[in-house]
K.L.:
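This is the structure I have questions about; it appears just below.
Numbers for residues simply follow the sequence, beginning at 1. Bear in mind that the values here come from a model prediction, so they are computed numbers and not experimental data.
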Amino acid sequence: MHYTLQVPGAKSAGVLEVTSPFDGKAVATVETIDDSGAERALQVASKLYDDREAWLPAHERVAILERTAGLMRDRFDALVHMAVLEGGKPLRDTRIELERAIDGVKNCVECIRSEHGSEVPMQLNAASTNRVAFTRREPFGVVVAVSAF
């Protein structure tokens, strides 16, 4: 199996062989990008984030996440098999881990549906008389993270 990264404007920095920690056999290959490719990916993500007019509405994000959870459920055995090969974990633990991953996607749907701002109490002093205040939850921005796995 070969995985290709698709970052507009990024150049390949080579191919990394993924091996099983259980027996050292090759499992897959993945194309990598260099520092400039990572910087380019961050620039693209930041530009997309800054264009609020292009953000997907909540109902579309919910639909994407629900489809994702469904696809993960439909491909459960294949995903477990791939994770066992790549991670070397026991089958039982990997099944539990994938169930948790599917639940995490579903939790994102629940957050979109329920996470919202709240009203701030007003009318408590003369300065707040006849005023309304509320909070609104918004994404913080683009995040870059490196996983140990």
K.L.:
Using side-chain contact (heavy atoms from CB on, under 4.5 Å) as the criterion, list what pairs up with R52, not counting sequence neighbours.
P.N.:
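Applying side-chain contact (heavy atoms from CB on, under 4.5 Å) to R52 gives Y49, W55, E138.
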K.L.:
Identify the heavy atoms of A38 and I33 that sit nearest to each other, and give their distance.
P.N.:
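For A38 and I33, the tightest heavy-atom pair comes out as N-CD1, 3.5 Å.
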K.L.:
Hey, is CG on D35 packed in by over 12 heavy atoms from elsewhere, all under 6.0 Å?
P.N.:
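At most 12 heavy atoms, drawn from other residues, nucleotides or ligands, come within 6.0 Å of this atom.
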K.L.:
Are any non-hydrogen side-chain atoms of L91 and V80 less than 4.5 angstrom apart?
P.N.:
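Side chain of L91 against side chain of V80, heavy atoms only: contact under 4.5 Å found.
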K.L.:
Among the clusters formed by ILVMFWY side chains lying less than 4.5 Å apart, do L98 and F22 turn up in the same one?
P.N.:
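No, because L98 and F22 fall into different hydrophobic clusters, even though each may have its own neighbours under 4.5 Å.
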K.L.:
Check the hydrophobic clustering (I, L, V, M, F, W, Y; side-chain heavy atoms under 4.5 Å; chains of links allowed) and say if V30 and M82 are grouped together.
P.N.:
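Yes, one cluster joins them.
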K.L.:
In residues 100-112, what donor-acceptor pairs under 3.5 Å come from side-chain atoms, sequence neighbours left out?
P.N.:
{"residue": "N107", "atom": "ND2", "partner": "D103", "partner atom": "O", "Å": "3.4"}

K.L.:
Output the distance between atom OG1 (T129) and atom CG (N125), rounded to the nearest 0.5 Å.
P.N.:
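One gets 7.0 Å once the value is rounded to the nearest 0.5 Å.
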K.L.:
For side-chain contact (heavy atoms from CB on, under 4.5 Å), just list the numbers for H116 and R137, CA-CA rounded to whole Å, side-chain angles, deciding distance to a tenth of an Å, and then say yes or no.
P.N.:
CA-CA 6 Å; H116 50 78; R137 289 187 175 263; 5.9 Å; no
K.L.:
Any side-chain hydrogen bond (donor to acceptor under 3.5 Å, both in side chains) involving residues 56-71? Give me the pairs, sequence neighbours left out, ordered by first then second residue.
P.N.:
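Qualifying pairs: E66-R113.
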K.L.:
Please report the C-alpha distance between T19 and V27 in whole Å, then the side-chain angles of each, then the deciding distance to 0.1 Å, and finally whether the side-chain contact (heavy atoms from CB on, under 4.5 Å) criterion is met.
P.N.:
CA-CA 5 Å; T19 58; V27 174; 5.7 Å; no
K.L.:
Indicate the atoms forming the closest heavy-atom contact of G87 with P21, along with that distance.
P.N.:
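What the structure gives for the nearest pair is O-CG, 3.3 Å.
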K.L.:
Which atom names give the shortest non-hydrogen contact between V18 and E86, and what distance separates them?
P.N.:
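Distance-wise, the nearest heavy atoms are CG1-CG, 4.1 Å.
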K.L.:
Do L65 and F76 belong together in a cluster built from hydrophobic side chains that touch within less than 4.5 Å?
P.N.:
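Yes, same cluster.
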K.L.:
Would you compute the distance between atom CG of L79 and atom CZ of R95 and round it to the nearest 0.5 angstrom?
P.N.:
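It is 11.0 Å, given to the nearest 0.5 Å.
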K.L.:
Given side chains that start at C-beta, do those of V15 and T32 come closer than 4.5 Å, heavy atoms only?
P.N.:
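A side-chain contact is absent here, since even the closest heavy-atom pair is not under 4.5 Å.
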K.L.:
Hey, is the main chain of R131 close enough, under 3.5 Å, to the side chain of Q123 for a donor-acceptor pair?
P.N.:
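A pair under 3.5 Å: yes.
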K.L.:
M72 versus E99: any side-chain heavy-atom pair under 4.5 Å?
P.N.:
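In short, these two side chains do not touch, never coming nearer than 4.5 Å.
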K.L.:
Compare all side-chain heavy atoms of I64 with those of L56 and state whether any distance is below 4.5 angstrom.
P.N.:
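A side-chain contact under 4.5 Å exists here.
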K.L.:
Looking only at heavy atoms, what is the nearest atom pair of K89 and T94, with distance?
P.N.:
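Taking every non-hydrogen atom into account, CB-OG1, 3.4 Å.
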K.L.:
For the backbone of L85 and the side chain of S20, can you confirm whether one donor and one acceptor N or O come within less than 3.5 Å of each other?
P.N.:
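At least one qualifying donor-acceptor pair exists.
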K.L.:
Hey, does L42 have a side-chain heavy atom less than 4.5 Å from the side chain of V142?
P.N.:
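Counting from C-beta outward, V142 and L42 do come under 4.5 Å.
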